[in-house]
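Because the structure is a prediction, the values reported are computed rather than measured. We use all heavy atoms of the structure for the numbers below, so side chains are in, but hydrogens, waters and symmetry mates are not. To find a chain, count down the sequence lines: A is the first, B the second, and so on, and within it residues start at 1.
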Amino acid sequence: MEAFQLLSRGGAKFDKKRFYNDVKLFNKDVKGKSVPKINESELPAELDFFKYAQGGPGKRKAAEENKGGAKKVKLDTSEDEEESDSDRDEDSHPRQKHRVTTKGADVPQHIDSFEALRERYQIPQRLLANLQLNDYKHPTGIQSYGIPILMKSRDLAAISPTGTGKTLSYLLPVMAALESPISSSKSDAGVGVRAIVLAPTRELAHQIHNECLKLAAGRKWRIVLFSKATASTLSDRNVRDKVDIIISTPLRLVASVQEGNLNLNNVRHLILDEADRMLDPEFLSQVQEIVAACTHPTLQKAVFSATLPAGAEKIAMGMLRDPIRVVVGLKDTPLPLISQTLTYVADDGSKLPSLLTYFSQPYNPPVLVFTSTQPRATSLAEELLLNGIPNVDCLHAGMTKKEREDAVSRMRKGESWVMISTEVMARGMDFKGIREVINYDFPTSVQSYVHRIGRTGRAGREGKAVTYFTDEDGPYLKSIANVLLQSGSTVPDWIVKLPKPSKMKKKQMGKIQRAETVNAARKIGRNDAIKKRDMIAGSKRRKMKVNKPPKDDEHDSKTSE
DNA sequence: AAAAAAC
């Protein structure tokens with residue numbers, strides 16, 4: 001405990017000019033093409049992952065994912081045509097090949113390059129220049145389809161995998177539209193907030209704000225990251241009326257609207273990031289209140305996410321007006337660039353030894369570890385510290401705003417090697433360096449799983465995801481296993497053969513399945529030394545000693561040859 | 001389907 005607080009305090013030295021540094025670093029991170037390379041050359045092995053990114057695992061998925069083919073849906077394969085010149089693109093984001101499907105009336109032609117935007121929509125030169133400055137060279141799938149749709153003032157539901165550039169897909173059109181207001185009089189454009197981006201966590205809102213600032217560099221826009229502090233300054237009408245874009249979490253915004261401190265009737269663009277999360281019951285009423293407060297007749301709405309379950313999609317589509325739906329790749333599926341492993345740990349008590357074993361072997365920092373609750377995150381961080389794991393950090397919503405900001409800052413700077421966190425970090429956060437994600441506690445939904453492991457493997461990089469499961473997790477094991485299969489990772493046979501849990505009897509099934517899980521896992525445990533390298537054997541049979549390296553090679557295994 | 005996050 002003491003030690004942990006000490007460490008946390010150690011990070012506080014960055015407080016001065018914290019924000020400034022954060023932005024600066026973030027810029028550098030994306031802009032400097034040298035950064036990824038430097039990072040890579042520092043770390044041994046598996047470093048030429050860019051070459052994999054160009055063609056390897058991506059194809060596996062592309063092959064698997066047709067079938068589903070769409071009815072009355074326009075099919076297109078993005079980015080295939082430009083393969084010829086992609087060879088010398090190592091310094092830009094590697095291109096991924098994803099099928100793009102669109103649904104809706106009069107879908108605008110997609111763009112093949114950002115330059116096309118200027119010709120077609122007279123996007124300001126400044127904006128394009130800022131793109132270049134930040135090393136955006138070619139649009140990703142969602143960018144090439146989503147941007148024209150939003151430029152045409154259409155409503156949009158966009159589904160695209162983690163780390164494929166959704167943020168830019170909505171920021172660029174919004175900022176282009178603000179620059180050249182469609183309204184008749186200029187004075188009209190100036191009164192009140194014109195665009196709102198909603199995100200589920202403070203950290204994500206902060207990150208979007210940074211991204212927005214980079215695109216706006218050199219312009220006079222006022223882009224506000226909404227917080228208690230900014231909310232109070234906005235009660236001043238003179239300040240409030242000059243704000244162009246607000247990035248916020250829902251409740252903060254609702255509070256200001258209810259206090260009468262904020263009028264949203266001039267909002268022309270409303271974006272829901274992590275849309276399915278925002279449409280969860282707890283957020284939904286807040287979001288609906290904001291939507292209701294946006295009374296401008298030409299309000300454009302768009303929702304973005306990597307996952308969109310049927311229920312959430314229905315709600316979203318109900319909110320949108322004559323929407324176009326764009327799906328890149330497969331919905332609710334992780335990137336094939338992320339190699340995923342399911343690891344059996346018999347029970348909760350076996351998790352810590354397993355994790356310590358993991359860290360006693362070579363690993364690729366920074367590693368992001370997910371737990372199910374805040375106390376578990378805190379205590380796991382303490383345990384790792386006590387066991388001498390270096391540079392352990394912790395981040396959950398129970399911490400103070402400042403503690404959270406410091407933790408993110410350390411992460412951005414590469415000072416955190418092991419970040420223990422809760423669901424708060426599961427969505428949207430873009431730490432490009434993250435090489436490995438460990439689900440210490442089993443995710444409570446497919447969506448959670450997809451988003452959590454999507455913290456790695458971003459922008460075409462490779463990533464690794466390890467998920468611990470216990471006997472208790474049996475009932476949900478199969479659905480996660482299916483996700484692995486769908487995205488090209490391998491799953492032990494016995495898991496594939498688990499019976500499907502039925503809705504009605506999930507409780508009883510839970511028991512049955514738990515028993516099957518235990519049995520099957522035990523069986524595997526016996527001959528794992530020979531074959532099952534994906535499983536951690538023997539949490540049942542042998543209790544591992546802290547920091548003692550295991551004899552077998554479970555951990556450096558790859559999912560395929 | 002279930003915990004965390006939002007103020």
Legend entry - Residue A:Gln286, side-chain atoms from C-beta onward, closest of B:dA5, B:dA6, B:dA3: B:dA6

Legend entry - A:Lys301 side-chain N/O to A:Leu270 backbone N/O, donor-acceptor pair under 3.5 Å: no

Inset, instruction - Measure from the side chain of A:Lys228, starting at C-beta and using heavy atoms only, and say which of B:dA6, B:dA5, B:dC7 lies closest. - result: B:dC7

Inset, instruction - When you get a sec, tell me which of B:dA6, B:dC7, B:dA4 is the closest nucleotide to the side chain of A:Glu282? - result: B:dA4

Inset, instruction - Could you state the atom-to-atom distance from CE of A:Met425 to P of B:dA5 in whole Å? - result: 11 Å

Legend entry - Nucleotide of B:dA2, B:dA4, B:dA6 approaching A:Tyr476 most closely (side-chain heavy atoms): B:dA2

Legend entry - Electrostatic pair A:Lys401:A:Asp406 at N-O distance under 4.0 angstrom: no

Legend entry - Whole angstrom value for the distance that separates C1' of B:dA3 from CZ of A:Phe370: 14 Å

Legend entry - Value in whole Å for how far the C1' atom of B:dA6 lies from CZ of A:Arg404: 9 Å

Legend entry - Salt-bridge criterion met for A:Lys214 and A:Glu211 (N-O under 4.0 Å): yes

Inset, instruction - Measure the distance from CG on A:Asp273 to P on B:dA6 and round it to the nearest whole Å. - result: 15 Å

Inset, instruction - Measure the distance from CG on A:Asp276 to P on B:dA5 and round it to the nearest whole Å. - result: 17 Å

Legend entry - Whole angstrom value for the distance that separates P of B:dA5 from CD of A:Gln447: 18 Å

Inset, instruction - Using a heavy-atom cut-off of under 4.0 Å over every strand shown, decide if A:Ala397 touches base, sugar-phosphate, or nothing. - result: sugar-phosphate

Inset, instruction - Report the nucleotide, chosen from B:dA3, B:dA1, B:dA5, that has the shortest atom-to-atom distance to any side-chain atom of A:Asp280. - result: B:dA3

Inset, instruction - Under 4.0 Å between any heavy atoms, over every strand shown, what does A:Thr373 touch: base, sugar-phosphate, or nothing? Just pick one. - result: sugar-phosphate

Inset, instruction - Spell out yes or no: do the side chain of A:Thr444 and the base of B:dA2 have one donor N/O and one acceptor N/O closer than 3.5 Å? - result: yes

Inset, instruction - May I ask you to say what A:Pro250 touches in the nucleic acid, namely base, sugar-phosphate or nothing, with a heavy-atom cut-off under 4.0 Å? - result: nothing

Inset, instruction - Please work out which of the three classes, parallel, tilted or perpendicular, describes the rings of A:Phe469 and A:Phe442, given edges at 30° and 60°. - result: perpendicular

Inset, instruction - Using a strict 4.0 Å threshold on nitrogen-to-oxygen distance, state whether A:Asp441 and A:Lys351 make a salt bridge. - result: yes

Inset, instruction - Check the distance between B:dA5's P and A:Lys401's NZ and give it to me in whole angstrom. - result: 17 Å

Legend entry - With sequence neighbours excluded, residues passing side-chain contact (heavy atoms from CB on, under 4.5 Å) with A:Ser448: A:Glu423, A:Pro443, A:Ser445, A:Arg452

Inset, instruction - Measure the distance from CD on A:Glu274 to P on B:dA5 and round it to the nearest whole Å. - result: 15 Å

Legend entry - A:Pro375 vs A:Pro309, nearer the 5' end of DNA chain B by closest nucleotide: A:Pro309

Inset, instruction - Check for a donor-acceptor pair, side chain of A:Arg268 on one end and backbone N or O of A:Asn266 on the other, with a separation under 3.5 Å. - result: yes

Inset, instruction - Select from A:Ser445 and A:Thr422 the residue whose nearest nucleotide in DNA chain B is closer to the 5' end of that strand. - result: A:Ser445

Legend entry - Short side-chain N/O contact from A:Arg277 to OP1 or OP2 of B:dA6, under 4.0 Å: no

Legend entry - Any residue of residues 257-265 of chain A with a heavy atom less than 4.0 Å from an atom of DNA chain B: none

Residues 286-295 of chain A side chain polar contacts: donor-acceptor under 3.5 Å, at least two apart:
residue, atom, partner, partner atom, Å
A:Gln286, OE1, A:Leu251, N, 3.3
A:Gln286, NE2, A:Glu282, O, 3.3
A:Glu289, OE2, A:Gln258, NE2, 2.7

Inset, instruction - Record whether the side chain of A:Arg376 comes under 3.5 Å of the base of B:dA3 through a donor-acceptor pair of N or O atoms. - result: no

